[in-house]
Amino acid sequence: LDLAKLIKELERRGEQLDPAIALMVIAGVLRGLGHAHNAVDEHGRRLSLVHRDVSPQNVLLSINGDIKLSDFGAAKADAAVRHARTAQNVALGKLAYMAPEQRGGRQVDVRTDIYGTGILLSEVLQGPSLFRRSTGLTGPDPEHLANAAFGRVPAPIDERVAAIIARSIDKDPNRRYSDTVSMLAELEACLIELRPAATPDRLGSLVRDISDATAERPKNPVSEQVIDSQSFTSATRASTPSSRRNQAEPSTPSPFDTA
């Protein structure tokens with residue numbers, strides 16, 4: 001089950017993700033990013049991978065409480081690619097989670113993923129609807145995103161979580177955390193003080209509950225129409241000469257286990 005579906009279903013029920021579980025999931029994301037950022041080639045040289053698409057759809061949760069970061073199709077090695085845009089000049093990743101340097105087509109590094117993780121932390125605390133309001137057409141509102149901790153995380157930990165969000169989504173990469181280790185350390189210091197404590201069993205139980213509920217729900221006829229419409233669109237595009245349409249490389253998922 002991906003994180004996007006989980007928080008969407010909770011919101012449909014009028015519920016929010018427990019703050020301890022929310023912080024535990026983000027900690028898992030940071031561990032996954034840390035593995036990617038520190039990956040080396042067969043000669044032991046760092047690849048300096050940057051995921052560039054840290055978003056709830058790419059966070060996978062299991063009934064055993066595992067947290068995995070998937071879809072490294074947008075990831076690029078620092079030595080091979082220096083900019084955040086493809087040959088077609090189209091930015092990879094989802095706009096709301098993109099750091100300013102990525103949206104602007106400038107050089108990206110691990111701090112770009114730190115930004116996306118900070119945005120994600122704000123979203124899991126406030127829920128999808130409020131998150132959409134705080135990102136809007138004009139882009140993310142840093143103050144609103146950081147304030148997501150207040151009213152959701154118990155005081156005085158809320159101020160520390162708000163500070164973590166604010167630092168991680170700073171427009172200036174030099175003012176963000178320089179790596180996942182430093183952000184993770186501050187997040188875990190908050191996490192150990194939250195009660196009830198977050199555990200893989202609690203997360204797994206929630207994932208099982210949400211998975212069962214969504215699987216049993218009758219399909220929405222409108223959704224099926226959308227699928228049919230998309231299939232028709234895909235078929236139409238397939239019949240269009242390649243010279244008249246952009247060709248995109250399919251992404252290759254490469255999950256990093258964060259357990």
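- Annotation: the span from L30 atom CG to L69 atom CG amounts to 10.0 Å, rounded to 0.5 Å.
- The two atoms that bring L187 and A27 nearest to each other are CD2-N, 3.7 Å, heavy atoms only.
- Looking only at side-chain heavy atoms (C-beta outward), R152 and V161 stay at 4.5 Å or farther from each other.
- Panel note: side chain N64, backbone D66; no donor-acceptor pair is recorded below 3.5 Å.
- I119 CD1 to L145 CG: the interatomic distance, rounded to the nearest 0.5 Å, is 5.0 Å.
- Salt-bridge annotation for K94 and D53: present, with a side-chain N of the basic residue lying under 4.0 Å from a carboxylate O of the acidic one.
- Closest approach of L49 and A39 over heavy atoms only: CD1-CB, 4.3 Å.
- Checking S129 against R132 by side-chain atom types alone, a donor-acceptor pair falls below 3.5 Å.
- Legend: residues meeting side-chain contact (heavy atoms from CB on, under 4.5 Å) with N174, ordered by chain and number and at least two apart, are R111, D172.
- No donor-acceptor pair under 3.5 Å is formed between the side chain of R52 and the backbone N or O of T112.
- Considering OG of S62 and NZ of K68, their distance stands at 7.0 Å, rounded to 0.5 Å.
- Within the 3.5 Å criterion, the main-chain N or O of A215 finds no donor-acceptor partner in the side chain of D212.
- Of the inter-residue distances, the one linking L17 atom CG with L203 atom CG reads 8.0 Å to the nearest 0.5 angstrom.
- No side-chain donor-acceptor contact under 3.5 Å links Q102 to the backbone of V108.
- Separating the OG1 atom in T117 from the OH atom in Y177 is a distance of 11.5 Å, to the nearest 0.5 Å.
- A salt bridge links E101 with R176; the closest basic N to acidic carboxylate O contact falls under 4.0 Å.
- In this structure the side chain of K5 never reaches within 4.5 angstrom of the side chain of S211, judged on heavy atoms.
- Counting heavy atoms from C-beta on, the side chains of P154 and L194 come closer than 4.5 Å.
- Two different hydrophobic clusters hold L121 and V110 under the rule that ILVMFWY side chains link at heavy-atom gaps under 4.5 Å.
- Summarising the geometry of S122 relative to Q126, their closest heavy-atom pair is OG-NE2, 2.8 Å, with the distance given to 0.1 Å.
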Using the rule given for side chain to side chain contact (heavy atoms under 4.5 Å, CB included), can you reason through R167 versus M183, listing the C-alpha separation, both sets of side-chain angles and the distance that settles it, and then say yes or no? CA-CA 9 Å; R167 182 178 176 185; M183 183 177 178; over 6 Å; no
Please walk me through it: do D2 and L61 pass side chain to side chain contact (heavy atoms under 4.5 Å, CB included)? CA-CA 6 Å; D2 67 56; L61 310 170; over 6 Å; no
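- Looking only at distances, no side-chain donor or acceptor of D113 sits under 3.5 Å from a matching main-chain atom of L33.
- Closest approach of V124 and A22 over heavy atoms only: CG2-CB, 3.8 Å.
- Between C190 and I164, the closest heavy-atom pair is SG-CD1, 4.1 Å.
- Scored by the side-chain hydrogen bond (donor to acceptor under 3.5 Å, both in side chains) test, R195 finds no partners at all (sequence neighbours excluded).
- Considering all non-hydrogen atoms of both residues, A162 and A146 come closest at CB-O, 3.4 Å.
- Remark: Y115 pairs with no residue by the ring pair (Phe, Tyr, Trp, His ring centres under 6.0 Å) rule, at least two apart or across chains.
- At a threshold of 4.5 Å between non-hydrogen side-chain atoms, the residues T180 and V29 do not count as touching.
- Among residues two or more places apart in sequence or in another chain, the side-chain contact (heavy atoms from CB on, under 4.5 Å) test is passed with I210 by L1, L6, E9, L10, R13, L206, T214.
- One distance of note links CZ of R103 with OH of Y97; it measures 13.0 Å at 0.5 Å rounding.
- Of the possible polar contacts, one joining the H51 side chain to the S70 backbone as a donor-acceptor pair under 3.5 Å is found.
- The side-chain contact (heavy atoms from CB on, under 4.5 Å) test applied to A163 returns no partner, not counting sequence neighbours.
- For E143, the side-chain contact (heavy atoms from CB on, under 4.5 Å) partners two or more places apart in sequence, or in a different chain, are D141, N147.
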